[in-house]
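Only one structure is covered here, and it is reproduced in the block below.
Numbered from 1 within each chain, the chains take letters A, B, ... in sequence-line order.
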Amino acid sequence: MAENEFLEEKTFKQHCAKFIKHSEEIGDGWEWRNSKDDLELFSDDSEVVGPAAASEVIRYEYHVLYSYSYGVPVLYFRASFLDGRPLTLKEIWDGVHQFYKAHLLQEPWSTITQQEHPILGQPFFVLHPCKTNEFMTSLLENSEKDNRNINYITSWLSIVGPVVGLNLPLSYAKAMSQHDAKPDCYQVSESNLTC
Amino acid sequence: MTDDKDVLRDVWFGRIPTCFTLYQDEITEREAEPYYLLLPRVSYLTLVTDKVKKHFQKVMRQEDISEIWFEYEGTPLKWHYPIGLLFDLLASNTALPWNITVHFKSFPEKDLLHCPSKDTIEAHFMSCMKEADALKHKSQVINEMQKKDHKQLWMGLQNDKFDQFWAINRKLMEYPAEDNGFRYIPFRIYQATTERPFIQKLFRPVAADGQLHTLGDLLKEVCPSAITTEDGVKKNQIMIHGIEPMLETPLQWLSEHLSYPDNFLHISIIPQPTD
């Protein structure tokens, strides 16, 4: 059985730096917050949902934090209506695409629970990190076999993000694989989520 | 001569005398008497206050009741923190009983996690235990346990059964003979005056030269401002379970004996009382 690929803090920072660089290039709005002790990627997103007549604007916040305990990134998120009223887990769940709902129920490698943000101290929803190592290990092994360069953050976020309404533009994958030995670029697409 | 095991019992059976009073703006059909209860330091508010809820709901109409929440002197109390931690951090240097206000409306969404059922508390408790074992044993010990062992830990806590709990928890306190302790110590340091809720970092119980790290070593490394003195005068108390352990105490020993049931050392830094 392969050694688990723990993501070291230094590596996390490096991958985040590349991720942010691309985000800045395409104006995607991710920010890097680096205080003395914490590493955090942050994104603020507004989305209009619902039919035109009764449409609501929902503001999503995504934070990627590094968990020292598990050696993996963890996705914290919350959503609120413009008047500040927070969405309940049920309301967020209702907004998750049918495909991912089925997937999540089958393989709860991403149980969503409400937890306290370790820096802000406020309630957020969190994708539980304890299975991250399993699916990232096989992803990383496969990419090594094919001599593909992947960015841990991009790959991880493209797997867990859509489950909670966070979709990365494909340009991230192209940007991260610029140092490929092979001419064909690895593309992150919906079908790859079954890895 | 006191056995180390007696410490485990003293920690488990610690209680805080508490007086629950209904918030004055809650709508009642008649006067609500305060409710007195001895709260277990090692448990969680929403796990042990069913009687409190029933007592106050008796004088209220169903439509005026939604999710219960607790507050102390204007601060919403985080049910997911152990009771003893909340008390040490917020009220340890005030007169007993601990006066807690009970609310049934206007749940503070920005401050508190929801607690819809006992399952939520169980999930939170198990999640803390798993994180603690990730630090101590790379999750090997807890992952090797069967589901029924996990259940026994939770039931032991829920039903206040020391022996039932420790029959399983003792395995989480073991370490390989060749090591001198756990891989890293699960701890969180809380200080009411700071912005962030707590400090948690990777910290080994044993130094490179084999010496055991102490509580003082930990504080010096992760929270030095807590133990500096102003002109030799002690600024803060370093409190765990209502006591101030000596700073020379080995961290490994503290982790084995003064952890909460979730296997974390929850440490409070509070201002030194001036009386």
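Aromatic ring centres of B/Y81 and B/Y190: separated by under 6.0 Å.
Looking only at heavy-atom pairs under 4.5 Å with chain A, the residue among B/D111, B/L202, B/L113, B/L135 that has the most is B/L113.
A donor and an acceptor atom, one from each side chain of B/H114 and A/Q114, are nowhere located under 3.5 Å apart. Under the 3.5 Å distance criterion, with hydrogens and angles disregarded, a donor-acceptor pair is assigned to the side chains of A/S69 and B/Q200.
Checking side-chain atoms of B/H103 against main-chain N and O of B/E71 turns up no donor-acceptor pair under 3.5 Å.
For B/S127, the parts lying near chain A are the backbone and the side chain together; criterion is any non-hydrogen pair under 4.5 Å. Only the side chain of A/P86 comes within less than 4.5 Å of a heavy atom of chain B; its backbone N, CA, C and O stay farther away.
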